[in-house]
Amino acid sequence: MVDPILSVEGLNKRFGGLAATDDVSLSVPPGTLHAIIGPNGAGKTTLIAQLMGALRPDSGRIVFQGEDVTALATPARVRLGMARSYQVTSLCPDFSVLENVLLASQLRDGGWLSFWRPAIAYPRARSRAMEELSKVGLADRSDRLAGELSHGEQRQLEVAMALASDPVLMLLDEPLAGLGRDEADGMVSLLHSLKGHVTMLLIEHDMEAVFALADCVSVLSFGRIIASGTVNDIRKDPNVRDAYLGTEGDAHA
Amino acid sequence: MRKQLVSFAILIGLLCAVPPIAYWLDDLFLLSLASRCLILASAAVATNLIMGYGGLISLGHAVFIGIGGYVVGIASHHAFNDGMTWLSNGFLQLVAVLVLSVLVALFVGLVSLRTKGIYFLMITLAIGQMFYLAAVGAYDYGGDDGMTVFAKSRFLGQALSGHYLIYWVSAAYLTASMFLVARLSSSRFGLVLRSAKVNEARTRAMGYEPFRVRLVAFTVAGVIAGGAGFLMANHAGFVSPAMLHWTRSGDLIVMVVLGGLGSVFGPLAGTVAFLALEEVLSGITEYWAIPVGAILIAVALYTPQGVMGLLSRRRNHG
C-alpha cells in the first residue's frame with residue numbers, strides 16, 4: 001500500500017465542554033479526493049483549522065508526507081506543500097486578480113525577500129499565476145480588482161490561489177458555497193480535472209458534488225467520524241441516513 | 001508604473017520651482033518653511049510605510065526622529081564644548097543614525113509586533129515615552145530644554161547649513177524616500193505586507209510569516225525617520241525632547257491620514273495640508289487644533305483616501 005499524503009491520528013479539540021473534534025483519525029492516499037461531510041456545527045471547519053495549523057489540537061497527531069506537522073505553524077505547513085481555500089471568501093479586494101495569485105505563486109519562486117523589483121515583473125511567478133488563472137477560467141480577468149469579481153469568480157480565484165502555491169495537498173472548505181447551479185457545475189468539473197494531480201480534502205455540503213467527486217467520504221457528526229468509506233458505502237449506511245442524508249433536501253436549498 | 005514616473009517628474013518640477021520663487025520674493029522664511037515641510041513629509045512617508053501599507057499604527061515613531069536629531073545634537077555638543085570636532089563628520093553621524101535606528105527598530109519591533117491594534121499602539125506609546133523621558137533626563141544634553149546645535153554636520157568640509165542647501169538636501173531626501181517606498185510597496189515584500197494588513201490569517205495560509213515582514217517594514221520606516229531627524233536638527237539648529245514626544249508621532253499619523261493612507265504622494269500632500277492649516281488657523285485662533293480635529297474627522301468620515309483620494313476622484317470625474 002502507498003504511504004498516505006495525510007494521516008490524522010486520534011485528533012481531539014475541546015472548547016469548554018464541547019468536543020469540536022472527537023478522536024478523529026483519517027488517512028488520505030496520494031492523488032485522491034477525500035470528502036468530509038456533516039451537518040452544520042459538526043466541526044468540519046475546526047478540523048481544517050487544525051490540519052492547517054490555525055488551531056492547536058489538544059491531542060493527536062497530524063502527519064503530512066511522513067512528517068509530523070502537529071507542532072508546526074501555518075506558514076511552515078504551507079512551505080511543505082499544504083494549501084487551503086476558505087469557506088468565506090477571503091482575498092485582498094484592492095489587489096488585482098493577478099496580484100492575489102502572485103502572492104501564492106511567488107512563494108516557490110524565491111519568496112518575499114525582494115524589495116525593489118515589482119512583484120508583477122517576475123516572469124516565472126507571473127506565468128505560473130496566469131496558468132492557474134486559465135485553469136479556473138479567470139485568465140481574461142487578471143487585471144481586474146479582486147473585489148470587483150462576482151461571488152462565483154471569487155470562489156474560482158480562491159482555488160487558483162490555492163493551486164498557485166504548488167500544493168501537494170489542498171484543503172477545500174466548501175468551495176461550492178453560494179454558487180449558482182452553473183457555477184457549481186463549473187467548479188465540480190474543475191475539481192474533477194485536478195484529481196490525480198493534487199491530493200484534496202474537500203469539505204462540502206453539496207451532496208451531488210461530493211458523490212460525483214469523492215474517492216472516499218467521511219461523515220462527521222458532533223466532532224466524531226461516524227462513518228467512512230466509498231460513496232456507495234456511505235449512501236447505504238443507516239447511521240449516516242439518520243444523522244445527515246435525511247436533510248439532503250435542505251442542503252441543496 | 002509609467003503614471004507614477006510622470007507623477008515623480010511633476011513632483012521634482014514643483015520642488016525645483018520653490019527656491020527660485022523664494023529668491024524672487026526674497027523670502028527666506030518661505031524657503032525655511034518649505035524645508036521643514038519636506039523633512040516632516042519624509043518622516044510621514046516612513047509612517048505611511050508601516051501604517052498605510054502595513055496597518056500598524058504606532059504612537060512611538062517620533063522616537064526615530066529623536067534618534068536622528070540627538071545624534072547631531074550630541075555630536076555638536078562634544079564638538080563645540082570638548083573640541084572633538086571629528087564628531088561633526090556628517091558621514092560618521094549618518095552611520096550612527098543608521099545603526100541606532102536599526103537597533104532600536106529591531107528592539108521595539110520584536111517587543112511590539114507580536115501584538116496588534118490597540119496593544120501595539122500602547123506598547124509603542126510606552127516605549128516612545130521611555131525614550132522621551134530619557135531625553136528629558138539627559139541633563140548634560142540640555143534635559144527638558146534641549147540644546148542648540150552649534151556645530152552643524154559637515155560633509156567634506158561643507159557644513160549642512162544655509163537655507164538653500166538645506167532645502168535641496170531635504171527635497172532630495174524626500175524624493176528618494178518616496179521613491180523607495182513606492183518601489184517597496186509594489187515589490188514582493190510590499191505585496192505580502194499589504195496582504196497581511198487586509199487579512200493576516202490568509203497571509204499565513206499562503207506561507208508567509210507576517211511578523212517578519214512587518215519587522216522589516218518597521219525597521220526601514222525607522223531608518224527613514226531617523227534620517228528625517230538628522231535633517232531636522234541641522235535645519236532647526238536645535239534639538240529637544242519635544243521632537244520625540246508622543247504627540248509628534250500623533251502629528252505624523254494625522255498627516256498620513258490627511259494625505260491618504262497607503263498612497264505614494266499622500267504623506268507629502270498631508271504634511272502640506274497639516275502645516276498650511278496650522279499656519280493659517282494659528283493666525284486666527286490660539287485653539288487651532290480644534291478646527292484641525294474637525295477637519296480630520298470629516299476626512300475620516302467622507303474621504304478615507306484623504307487629499308490624494310479627493311484629487312484622484314476629481315480626475316476621474318473630469
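All heavy atoms count here, side chains included; hydrogens, waters and symmetry mates do not. All values derive from a computational prediction rather than experimental measurement. Chain naming here is simple, since letters A, B, ... match the order of the sequence lines and numbering starts at 1 in each.
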- Which heavy-atom pair separates A:Ala125 from B:Arg188 by the least distance, and what is that distance? CB-NH2, 3.5 Å

- All heavy atoms of B:Met206 vs all of A:Leu107, minimum pair found to be O-CD2, 3.4 Å

- Part of B:Leu180 lying under 4.5 Å from any heavy atom of chain A: both

- Partner chain B: residue of A:Cys92, A:Ala54, A:Ser114 with the largest heavy-atom pair count (under 4.5 Å): A:Ser114

- Task: Name the region of A:Leu113, side chain, backbone, both or neither, that has any atom closer than 4.5 Å to a heavy atom of chain B.
- Result: neither

- Message: Before you tell me yes or no, could you show the steps for A:Met161 and B:Arg202 under side-chain contact (heavy atoms from CB on, under 4.5 Å), namely the whole-Å CA-CA distance, both residues' side-chain angles and the distance that decides it to 0.1 Å?
- Response: CA-CA 11 Å; A:Met161 289 164 75; B:Arg202 175 78 211 211; 3.5 Å; yes

- Query: Salt bridge check: are B:Lys197 and A:Asp94 linked by an N-O gap of less than 4.0 Å?
  - Reply: no

- Under a 4.5 Å heavy-atom criterion, the part of residues 65-77 of chain A in contact with chain B comprises A:Ala73, A:Thr74, A:Pro75

- Applying a strict 4.5 Å limit to non-hydrogen atoms, the region of B:Ala182 in contact with chain A is neither

- Message: Less than 4.5 Å apart, side chain to side chain, heavy atoms only: is that true for A:Phe115 and B:Val220?
- Response: no

- One option among B:Ala205, B:Pro210, B:Ala201 has the most heavy-atom pairs under 4.5 Å with chain A, and it is B:Ala205

- Within a radius of less than 6.0 Å around NZ of A:Lys135, do more than 12 heavy atoms belonging to other residues, nucleotides or ligands occur? yes

- Message: I'd like to know whether CZ of A:Arg108 has more than 12 heavy-atom contacts from other residues, nucleotides or ligands below 6.0 angstrom.
- Response: yes

- Do other residues, nucleotides or ligands put more than 12 heavy atoms under 6.0 Å from the CZ atom of A:Arg124? no

- Task: Please determine if B:Glu209 and A:Arg79 form a salt bridge, counting it only when a charged side-chain N lies under 4.0 Å from a carboxylate O.
- Result: no

- Query: Please, which pairs that meet ring-ring contact (aromatic ring centres under 6.0 Å, His included) have at least one residue in residues 121-146 of chain A, sequence neighbours excluded?
  - Reply: none

- Message: Less than 4.5 Å apart, side chain to side chain, heavy atoms only: is that true for B:Tyr208 and A:Val78?
- Response: no

- Task: For the residue pair A:Gln106 and B:Val192, establish whether any side-chain heavy-atom pair is separated by less than 4.5 Å.
- Result: yes

- Message: Whether B:Arg194 engages the ring of A:Phe95 as a cation-pi pair (distance to the six-membered ring centre under 6.0 angstrom, angle to the ring normal within 45°) should be assessed.
- Response: yes

- To the nearest 0.5 angstrom, please state how far the CD1 atom of A:Ile120 sits from the CG atom of B:Leu191. 9.5 Å

- Message: Here's one to test your reading of the geometry: is the NZ or CZ of B:Arg183 within 45 degrees of the ring axis of A:Trp116 and under 6.0 Å from its centre?
- Response: yes

